[in-house]
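In the text below, chain A, chain B and the rest are named by the order of the sequence lines, each starting its count at 1. Predicted model, so just to flag it, every value in this text is computed and none were measured.
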Amino acid sequence: MNTNETQSDIWRWMPDQMSTFASNVDGLFYFILILCVIFFTLIVGAMVYFVVKFRRRTDQDETPLIKGNHTIEIIWSVIPGILLIAIFTWGFVDWMKLGTVPPNALDVRVEGYKWAWSFVYPEGIVSGELVVPVGKPVKLTMSSKDVLHSFYVAEFRIKRDVLPGRYTVQWFEATDTGEHWVQCTEYCGTSHSKMIAKVKVVSQEEYDEWISTGGGMGDDVPLADLGKMLYEQRGCVACHSLDGSKVVGPTFKGLYGVERKFTDGTSAVADDNYLKTAILAPNDTVVEGFSPVMPSFQGQLNDRQISALIEFIKSVSQ
Amino acid sequence: MSSTSANSGIDEKKYLAHHFQNMAQQNASGKLGMWLFLGQELLFFSGLFMAYFAARYFYPETFLDAHTYLDWKLGALNTVVLLTSSLTMALAVRGAQTNNNASLVMNLWLTIILAFVFLVVKYFEYTHKFDLGILPGSFYAGPEIVGQPNVFFGLYFVLTGMHGLHVVIGIGVLIWVALQAQKGVYNSVNHVFVENVGLYWHLVDLIWIFLFPLLYLVK
Amino acid sequence: MFLSQQRTNSAAADASGSEPSYLTAKRGLMSWLVTVDHKRIGLMYLVSVLFFFLVGGLFALAVRMELFSPAENYFSADTYNKLFTLHGAVMVFLVIIPSIPASLGNFFLPLMLGVKDVAFPKLNLLSFYIYVFGACFFLYTLVSGGLDTGWTFYTPYSSSSSETSVISSTFGAFVLGFSSILTGVNFIVTMHKMRAPGMTWTRMPLFLWSLYATSVIQVLATPVLAITLLLLIAERTLGIGIFDPAMGGDPVLYQHFFWFYSHPAVYIMILPGFGVISELITINSRKHIFGYKAVAISSVSIAVIGFLVWGHHMFVSGQSEFISVFFSFLTYAVGLPTAIKVFSWVATMYKGSITLTTPMWYALSFLFLFSIGGLTGLFLGALSVDVHLHDTYFVVAHFHYVMMGGTIIAFIGGIHHWWPKMTGKMYNSAMGNLGCFLTFVGFNVTFFSQFLMGSQGMPRRYYTYLEQYETLHVISTIGSQVLGLGLFVTLFCFIHSLMAGKKAGKNPWGGLSMEWETESPPIEHNFHGQPVCERGPYDYGK
């Protein structure tokens with residue numbers, strides 16, 4: 001769902017259908033929903049009717065001795081039984097589709113870490129946003145650097161856990177252009193709820209353009225702007241605030257050029273070289289009052305991107 | 001219901017708890033309770049065995065290689081020790097059932113001694129491992145072994161450790177029973193507690209019979 | 001009029017009324033702390049469980065307050081994570097699992113069987129103290145930095161990443177497991193070996209059948225949780241490399257271990273609730289239960305099939321896709337006996353003589369809420385739909401409808417039902433009904449909105465959330481306050497009854513099961529002499 005078309009539309013069940021799976025899943029969802037409404041009405045309706053009709057009138061009321069009725073018991077076992085098998089089968093058929101990746105799918109690698117997603121394209125682009133072409137199957141090969149995460153896009157009706165030490169795979173084919181959210185659905189610690197990323201479904205032309213400009217991070221983007229994009233997309237934002245508030249990591253406000261005290265008793269001035277080390281080997285020295293929890297970005301960022309981040313930190317330091 | 005047992009002239013009332021109707025009911029309840037307890041013990045160790053099989057499935061080569069650092073001769077010795085202790089335990093129960101208190105007391109102490117022998121052998125096995133740097137899990141500093149030796153030895157210590165803990169608890173209970181037996185508490189009417197301890201001890205033995213080949217004799 | 005048949009043996013019956021009740025037979029604090037009387041142990045459990053229900057409930061209200069708006073409001077992210085974790089852990093391990101079996105079950109199992117006590121009274125007291133000991137570890141967790149792993153303790157977060165008191169809380173849950181196991185052993189043996197003369201299996205009240213099924217699960221599933229938590233502790237302290245991939249382990253293996261216990265544990269939680277409802281509906285409709293055998297056997301078959309469905313918590317976890325198919329199928333297989341129970345309860349009311357006592361209002365609330373809880377399980381069992389709904393608020397709403405709308409409502413209804421027997425006092429039924437009404441309304445407002453936000457894609461365990469879910473969260477938070485108010489009214493109703501309640505007779509509701517034959521409150525050894533069972537518990541009508 002687009003972020004701006006919200007609020008008004010809360011009395012609904014399923015979100016917009018944006019992938020090829022969605023209509024089938026929703027079909028089964030609403031089928032079950034109708035069955036539920038029917039059975040619920042029967043149960044509660046009978047209950048209310050009996051309460052009214054057979055309420056106690058005097059304390060000497062006589063009741064008939066009814067111990068059971070095999071016909072009724074068989075009927076109310078067999079009919080739900082058949083419906084249950086029908087539901088199972090429907091769910092099973094769509095499940096098999098979810099598990100069968102088409103051979104021509106576009107390959108994207110997904111990496112989850114505390115607390116952001118990064119998407120690695122075959123062309124070597126590393127992005128914090130998942131950009132995909134409309135109408136083309138996309139295969140996600142996913143792994144985690146630390147704990148369990150789960151990759152969930154509600155509009156696509158897909159979800160799969162992302163595990164450390166092994167790969168899990170899922171795929172989807174977007175049916176329309178638009179923007180959605182990837183949400184992490186396996187609890188992963190402090191900023192679990194901020195482990196979200198944008199999915200942008202674009203036309204094939206826009207996608208090709210995006211790839212050819214290095215994922216919107218080409219050399220023509222000014223350094224500080226590039227730094228801001230990286231800050232938002234690569235997960236810095238989950239732990240480092242810009243307004244001076246203390247989250248998981250130190251704030252970027254007033255950081256550049258200031259003396260930092262470390263847990264091992266040493267200290268250093270936060271200049272360009274310090275910041276570079278702090279990005280590539282963050283746990284060598286840890287600022288007092290914080291824990292060594294930041295993942296290393298060694299091999300994740302090229303030199304220009306590191307410079308861009310430092311420029312960005314500089315620009316928000318005042 | 002008669003309050004004295006027909007054949008031995010022992011006063012049942014002395015042993016009957018207030019909420020039971022007769023000794024037969026009390027004894028049957030005691031035994032069923034113990035069997036249920038053994039059922040949960042079995043599932044407890046099944047969990048550990050499942051962990052073992054999963055790890056072995058992940059790292060078959062490690063298990064093949066690492067088990068050679070366990071001394072199968074000491075393991076076999078301990079198997080014999082425990083089997084013998086099961087025999088003495090069974091004889092102790094027999095002693096209680098037949099009013100042979102001398103046999104009961106002697107066999108209980110024999111069982112306790114054998115249990116201690118088991119622990120002593122285990123102690124030597126453990127210290128030898130520690131000397132080699134074979135410590136559980138991430139403290140592992142032992143010989144180079146293909147794959148994940150920390151997993152094999154981690155499980156080795158957890159499995160044998162949990163079993164050892166059961167042996168220690170068993171010794172505690174056995175000593176208490178032996179002291180009670182010396183006071184002449186048990187006889188052909190009142191012997192369910194001895195039988196239950198016996199059942200527990202056989203289970204401890206049985207689990208070792210599974211542990212021994214799984215850990216020492218990997219093929 | 002239902003007491004016309006005098007079942008107690010005549011010689012002892014003369015003593016009726018002269019013997020003091022179990023509450024006054026012995027006096028002083030020590031007489032409670034070392035008691036082996038199942039009734040006193042049951043009451044001590046009841047008080048402890050209600051205390052932790054209050055603690056867990058306050059955590060829940062705090063969680064809902066934080067979610068009133070998507071911004072960061074009252075707590076930090078870490079504190080919020082601890083709040084929802086502790087809410088879950090306290091409610092599951094300290095409240096719902098022991099709730100009905102350990103309190104009402106302990107109190108009424110021997111009374112309903114017509115015996116003096118459970119088979120092993122000392123073991124019963126021991127299991128209470130094990131419960132207290134385990135609870136102490138949870139209290140220690142609270143003051144030593146909390147716990148932030150979620151009540152499921154998923155690895156590798158719990159084994160390597162979390163900096164909170166994972167060991168004390170898992171050890172606490174480990175200890176509590178043994179309390180549960182010993183209670184289960186005690187109940188099974190009591191039911192097998194100690195029934196009163198004439199009390200055949202098919203004359204056992206359905207509450208006891210459900211406790212029997214529960215006990216079987218407690219004995220057979222809980223040890224697996226024990227070993228799982230022990231391995232988790234070993235992983236965290238020693239790093240044995242079984243659950244954490246960084247050390248060579250497998251996190252999915254942990255989930256299999258965990259759910260192998262924790263799914264059957266769902267039935268440990270709900271089956272006793274089923275049992276209570278069978279009693280409430282028959283007695284207040286003055287009707288024989290519809291399909292006694294079907295209801296009794298469905299409890300046992302739920303217990304058995306319940307062992308084979310744990311994998312439905314793991315459809316998207318990375319387990320084999322084909323295994324998931326079997327688990328989905330078996331999940332529907334376990335749904336059927338549950339449906340049969342619900343139908344049978346409704347059919348029991350047909351041509352009855354229905355009186356709307358407070359316990360009956362709770363039974364009706366149960367039927368309403370549990371139907372929703374059970375039916376929404378159909379969505380989650382379907383493989384493709386579960387992919388979308390897994391770990392969203394839909395699941396949160398579903399299990400609250402089952403655990404709270406089912407078990408807790410049955411628990412509170414059961415307390416109302418047996419309150420006169422336990423305390424010898426009646427309560428103000430208008431106040432009781434008001435508590436039930438507010439709880440019912442508040443509950444639905446709180447959790448029905450969560451079905452909507454869940455299916456729209458709101459993930460669970462989120463501290464902040466996307467703005468589109470705000471309205472529904474606001475509704476849910478307001479509902480939670482009504483729910484809290486309802487529970488406080490109920491608590492007040494009980495306290496008021498203790499202080500100013502009218503004296504209750506032997507059998508205020510006109511029940512036929514054996515607990516209604518003795519005094520209210522019962523004498524220390526339950527019955528005057530050995531009672532004999534001469535009819536079934538539901539032989540109402542002609």
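The existence of a salt bridge linking C:D250 and A:R166 is confirmed by a sub-4.0 Å separation between a basic side-chain nitrogen and an acidic carboxylate oxygen. A salt bridge links A:D59 with C:R286: the closest approach of a Lys/Arg side-chain nitrogen to an acidic carboxylate oxygen falls below 4.0 angstrom.
The main-chain N or O of C:S353 is found under 3.5 Å from a side-chain atom of A:R56 such that the two form a donor-acceptor pair. Judged by distance alone, with hydrogens and angles left aside, the side-chain atoms of C:Y462 form a donor-acceptor pair with the main-chain N or O of A:C184 at under 3.5 Å. At distances below 3.5 Å, at least one donor-acceptor pair connects side-chain atoms of C:Q456 with backbone N or O atoms of A:R12. In this structure, the side chain of C:S455 engages the main chain of A:W13 through a donor-acceptor pair within 3.5 Å. Under the 3.5 Å distance criterion, the side-chain polar atoms of C:K287 are left unmatched by any main-chain donor or acceptor of A:T63. Not one N or O on the side chain of A:Q183 forms a donor-acceptor pair closer than 3.5 Å with the backbone of C:M458.
Checked against ring pair (Phe, Tyr, Trp, His ring centres under 6.0 Å), A:F39 has no partners two or more places apart in sequence or in another chain.
In this structure, the portion of C:F394 lying under 4.5 Å from any heavy atom of chain A is its side chain and not its backbone. Contacts of A:E186 with chain C are made by both backbone and side-chain atoms, with heavy-atom separations under 4.5 Å. Interface remark: A:D26 contributes no atoms to any contact with chain C (heavy atom separation under 4.5 Å). Using a 4.5 Å cut-off between heavy atoms, A:V44 touches chain C through its side chain atoms alone. Of the two parts of A:E62, only the side chain, counted from C-beta on, holds a non-hydrogen atom closer than 4.5 Å to a non-hydrogen atom of chain C.
For A:F21 and C:H388, the ring centers sit 6.0 Å or farther from each other. Taking the six-membered ring for Trp and the full ring otherwise, the centers of A:F40 and C:F368 sit less than 6.0 Å from each other.
The ring-ring contact (aromatic ring centres under 6.0 Å, His included) test with A:Y187 singles out one residue from C:F84, C:F153, C:W151, and that residue is C:F84.
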